[in-house]
Structures are given as C-alpha cells and as structure tokens.
Amino acid sequence: MRRTVLAALCLAAAATTGLTGCLPGQNKADSKPSMSAESGNDSGNESGKTSEKTEPFAGLSGGEIADRAVKATTDASSLRMTGDIADDESGGTIRIDMALNKKGECAGTLGMGGEGKAELIKTGDTVYMKYDEAFLRAQSEGESASDTDAAVALLAGKWTKMKATGQDAKDIAGFCDLDTVLGDTEDTGSDASRGKTTTVDGEPAIVLHEKDGKDRYRLYVATEGEPYLLRVDNSAGSDQGSVTFGDYDEPVPAQKPSGEILDLDALGG
C-alpha cells in the first residue's frame, strides 16, 4: 500500500528514533522542544476569518496541496524540527528540537520521557554530544549503581566527541542529513482532504486531513510564500505526536563546541 503523505512525513520526523545510540553502546534518547502551535493556534483561527481574502490554493484538491508541500519541504536546504514523537521501542515519547541541513550538519537537543536532555552537534565528520545527569541516569537503567555513578562522573555536563563513521555515532550522523530524514516522503500519492485556514506560530496555513489505518493526521501547509509544511499532528493510532517545521533555508548553527572535549573514541580504545 502506498504510504499517505502525512504518514510519510510523520515517519520522516520519527527518524529521530534512530538517535537511540546516544550513549556509547546504549539505546535511548531525550530533547526539549519549543512548540507553541497546537490547540491555541488552530482552535480560534480555524474559521472563516479569511472569507474576504482570496481562497488559498484555489482550485486545488487536498492531495494536490499536499504534493506541493512535500516538494517545497524536501527541496529546502535546511529546516528545524520541534516536537514530540512516539517511540515504539520504549513506549515513551521522544522530544526534539533540532536544526539540520543537506550537508549532514545538525544542532539541537533531544530527550525521552522528560528525563533530562542531551545536546547534539554534528559538523564535518564529528558528532559532539553533551548529556545532563538526569539523562545519563535514565539511560543507564539496568546498570549497576556504581557503573551509573561512574558514567555520570565522567560525562555529565561535558562535551564529548565521536567520529561520525563510528559504530556508536553512525545512526546519529544519518539523522543529521536532511535528505536521509525526508527520504521516504517522495511520490506519496496523497488523498488528503482540505480543511479550514488557521495559523501556526503566526504563519497563515491551511489544514489538510488524512487517514492511514487507525492513524488520523493533520497537515498544516503555509499559504503565503512557499507552501512549506509547518506542522504535522497525529491524534489517533499508535504513533501519536506533533512536530513543527520551521527556519527553512536558514543556516544551521553547527559549530565545534569551545573548551575541553572528551574523546569517546579514544576512551573506547
């Protein structure tokens, strides 16, 4: 079955679950986004307020609008993803606030279940990460108290680095490439239906609705300028979550951290 456009975009965002190798030899993640859209933005504005203006995307079906949004989004050289994504492996929620581009660079934060966060930067062939204590302790579940305390003493609050091609970093490095993250969104054959107009973080948008099995998606597409994807919501099914997209074609602040950096590859021998 051909994947719907909304499912494809949500699954692209869910590629963040590939960040489960955040700790050397371990399998989980966490982030802190800055979303402000959701109910406050569309409940009041998804109305006939634009009746005096030209109808956005006049004459186009929901599927045709979705196709334009996919093209504009995948053609962008960079973007920022912010939101909450269900993680099937842990049963929890991954929170992410990450800017990434087609050069394979990224910068932002991630976390799981509200238990601390990790900062991530990838530039060149190096992945830099900094973990707080809460994140380290949460990701060390099942380890002995002494091993957990040792990891906290070694890593908490300190920048670390790994080669992007190394076993522990390659999944993270793959996520930092925008082409890889959005690679499954092409030729989706959407049958989305048109909804009302609204705003997302102050930007005018149109809402599209689509179903994929038990999942119920809402896609918010910009109605001014490029028809960029602004937000995807999944309000039903197993992968509920919401992701906001923005800062299209903006520079990604992926710079090597200053100060002392712990070389995890060297520690691993």
Side-chain angles (χ1 to χ4, degrees), residues 10-36 38 80-100 106-122 126-164 166-176 181 234 237-244 253-254 257 259-269:
C10 277
L11 288 171
T16 52
T17 58
L19 295 176
T20 54
C22 289
L23 284 176
Q26 295 211 346
N27 269 347
K28 291 182 184 176
D30 196 308
S31 137
K32 197 167 185 179
S34 55
M35 290 186 61
S36 58
E38 201 40 51
R80 179 182 177 189
M81 295 168 47
T82 308
D84 302 299
I85 305 166
D87 178 33
D88 293 337
E89 182 178 333
S90 69
T93 301
I94 292 176
R95 309 196 73 190
I96 183 167
D97 185 347
M98 195 71 58
L100 60 158
C106 68
T109 59
L110 56 122
M112 180 173 286
E115 297 179 315
K117 70 176 182 180
E119 296 179 56
L120 166 65
I121 297 171
K122 180 183 174 289
T126 305
V127 172
Y128 301 93
M129 297 197 73
K130 182 167 70 173
Y131 320 89
D132 66 18
E133 180 174 348
F135 181 90
L136 289 167
R137 291 194 180 279
Q139 303 310 304
S140 297
E141 184 178 355
E143 301 292 332
S144 67
S146 60
D147 285 347
T148 299
D149 289 343
V152 169
L154 178 66
L155 300 173
K158 301 172 185 175
W159 278 106
T160 66
K161 69 177 182 178
M162 298 178 284
K163 290 182 180 178
Q167 185 64 37
D168 289 326
K170 62 181 182 180
D171 285 341
I172 300 171
F175 167 72
C176 287
V181 171
N234 182 7
S238 59
D239 295 322
Q240 296 184 35
S242 182
V243 181
T244 298
E260 184 177 354
I261 300 174
L262 185 63
D263 188 337
L264 295 182
D265 293 330
L267 285 178

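Remember, predicted model here, so these are calculated numbers, not experimental data.
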**Item:** Side-chain heavy atoms of M81 within contact of V181, under 4.5 Å
**Value:** yes
**Prompt:** What is the minimum heavy-atom distance between A107 and P253, and which atoms define it?
**Reply:** CB-O, 3.5 Å
**Message:** If you define the side chain from C-beta out and look only at heavy atoms, does anything of V152 sit under 4.5 Å from S140?
**Reply:** no
**Message:** Using every non-hydrogen atom in the two residues, find where M129 and A118 come nearest and quote the distance to one decimal.
**Reply:** CE-CB, 4.0 Å
**Complete:** Correct closest heavy-atom pair for A151 and L136 would be O-CD1, 4.1 Å
**Request:** Go through the structure and list residues passing salt bridge (Lys or Arg N to Asp or Glu O under 4.0 Å) with K161, not counting sequence neighbours.
**Result:** none
**Prompt:** Do L154 and L267 come within less than 4.5 Å of each other through their side chains, counting heavy atoms only?
**Reply:** yes
**Fill in**
Sequence neighbours excluded, the answer for side chain to side chain donor-acceptor pair (under 3.5 Å) partners of S144 is S146, D147
**Asked** Roughly how far, to the nearest 0.5 Å, is CG of D132 from CG of L155?
**Response** 11.5 Å
**Asked** Is the side chain of D265 donor-acceptor paired with the backbone N or O of G166 at a distance under 3.5 Å, no angle test?
**Response** no
**Prompt:** What is the distance from atom CD of E133 to atom OG1 of T148, rounded to the nearest 0.5 Å?
**Reply:** 10.5 Å
**Fill in**
Looking only at heavy atoms, the pair that brings K158 and A153 closest together is NZ-O, 3.1 Å
**Item:** Heavy-atom side-chain proximity of I96 to V243 below 4.5 angstrom
**Value:** no
**Prompt:** Where is the tightest heavy-atom contact between C176 and L100, given as atom of each residue plus distance?
**Reply:** O-CB, 3.7 Å
**Item:** Rounded distance (nearest 0.5 Å) linking atom CE of M162 with atom OG1 of T160
**Value:** 5.5 Å
**Prompt:** Closest approach of A254 and C106, non-hydrogen atoms and distance?
**Reply:** CB-O, 3.7 Å
**Fill in**
Taken to the nearest 0.5 Å, the spacing of K117 NZ from K130 NZ works out to 8.5 Å
**Message:** Can you confirm whether E119 sits close enough to Y128 that some side-chain heavy atom of one is under 4.5 Å from a side-chain heavy atom of the other?
**Reply:** no
**Message:** Taking side chain to side chain donor-acceptor pair (under 3.5 Å) as the definition, give me every residue that meets it alongside D149, ordered by chain and number, with sequence neighbours left out.
**Reply:** R137
